[in-house]
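The structure under discussion appears below in the form of structure tokens.
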Amino acid sequence: MIWYPYQQMKHMKDPYKIVDANGVWLYTPDNRMIDSISSWWSVIHGYKHPVLTDAIRSQAERFSHVMLGGLTHEPVQKLSEKLASWLPGDLDYCFFSDSGSVAVEVALKMALQYYVNRGDMTRTKILSLTHAYHGDTFKTMEVGDDEDYHFILEAYGENPNVIHVPTEIPALEKAFEQFHEKLNCMIVEPLLQGAGGMRMYDISFLKRARELCDRYDVLLIFDEVATGMGRTGNRFVADLVLPDIIVLGKALTGGYIGHAATVANHKVYHGFYDDDPGKALMHGPTFMGNALACSVAFKSIELFEEYNYMEKIRRIEAVTRREMNGFTDPRIKEIRMMGGCVCIEVYDPAVLKGYQQFAYERHVFSRPFLHYLYAMVPYIIQEEELVQVLTAMKAWFTR
Ligand SMILES: *Cc1c(COP(=O)(O)O)cnc(C)c1O
């Protein structure tokens, strides 16, 4: 018996059974559909990409996994070098883990211990955003702010060490004024808040956050698990505003295997680099630096560079804007677009009920949640396929 995610099992309709996948297409035994959400935003190169499949196959013929404690290997070395040169600034020190949630945990642990290592036990608070989503493990739930995911925390009461601010500069300034002496870090999903409702905000907020973090010696963490590798129309939002720690996941391996990275800058790394063994980072997921994952992630980055993916993403955004131009409906609160993400927010979630089957019949796989009908397509999508996805979304309201 499979216990499916985010589902009341008692009411769950049968999920679509996938028997094959190729490019943007998912195949069920009797239908095919475009994956309009890239398997939770990760499969940016599409399915069955020959280069990625080959990267995994050839590594599996050597070895699939060895532990990173006391051992190392070429795939993890190549990936860490690639990330260090590919990421902006001095984001050079790569700590690997098996999922985005764990990688966020590692970032938060780094930030706290950075101060503890300096003998500062008072900086215990974390600043995060309202509607934030950073994963489903306990600490990530606490820094998150979405009742729909994290309501069980009610049983514990609010954590006094987490402060949530909206994405508005005056509120940010006020929070820093009030708490700066106690803050160890600020964590954000930069520019685009994903699971909290595809909320988009302005870069000026992040620029101000960087200034305030500098002024008050607070570490800035970008959770780019969802936004990294082009989704916002920037390679990384970190290209625009440089954080102290960046977290990557989801698309890191092109969606082929779960893996994630927490990449720190020189300042953070040197907060641990010491003669004292007690100042080491005490963390080590069993499957960190998995050789299959590192091999495929390395190739994924090469493809991204070689085939000018940023241009593909600009094209997706342009086509999306063209297709959505002037589209309205009284049930729609807002249509938001940024890079390779489009979201139709409705006033009443009941409006979206039945959309998944409607889309299926139009050869599109979609998974609306709460008030949000969205698409985050694989970057290799063809224009007519993208139009098919957007047409299905619009047709739901005009049917
Ligand atoms: C999905 C997501 C995570 C969690 O990643 P998992 O691999 O599901 O643990 C964390 N942060 C953000 C912004 C995400 O979108």
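Counting convention: from 1, in listed order, for ligands and their atoms alike. These figures come from a predicted structure and were not determined experimentally. We count residues from 1, following the sequence as given.
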*Between H134, R231, Q193, K250, flag the one that comes closest to atom 14 (C) of ligand 1 by a heavy atom.*
K250
*With respect to atom 9 (O) of ligand 1, which of P190, G135, S101 exhibits the smallest heavy-atom separation?*
S101
*Identify the two heavy atoms, one from L370 and one from P349, that lie closest to each other, and give their separation to 0.1 Å.*
O-CB, 3.4 Å
*Looking only at heavy atoms, which two atoms of D223 and H134 are closest? And how far apart?*
OD2-ND1, 2.7 Å
Within the 4.0 Å heavy-atom shell around [X], which atoms of ligand 1 are there?
X: S99; result: 7 (O), 9 (O)
X: E189; result: 13 (C)
X: A226; result: 15 (O)

*asked:* Tell me the protein heavy atom at minimum distance from atom 12 (C) of ligand 1, and give that distance in Å.
replied: D223 OD2, 3.4 Å
*Measure the distance from atom 7 (O) of ligand 1 to every protein heavy atom, then report the residue, atom name and distance (to 0.1 Å) of the closest one.*
G100 N, 2.8 Å
_Whether D202 and R208 form a salt bridge (side-chain N of Lys/Arg under 4.0 Å from carboxylate O of Asp/Glu) is what I want to check._
no
_Check this for me, if you would: do E74 and R62 make a salt bridge, where the nitrogen-to-carboxylate-oxygen distance has to be below 4.0 angstrom?_
no
_Using a 4.0 Å heavy-atom cut-off, which part of W41 comes near ligand 1: side chain, backbone, both, or neither?_
side chain
*Please identify each residue that fulfils side chain to side chain donor-acceptor pair (under 3.5 Å) with R57, with sequence neighbours left out.*
none
*asked:* Pairing donors with acceptors under 3.5 angstrom, does anything connect the side chains of H49 and Y256?
replied: no
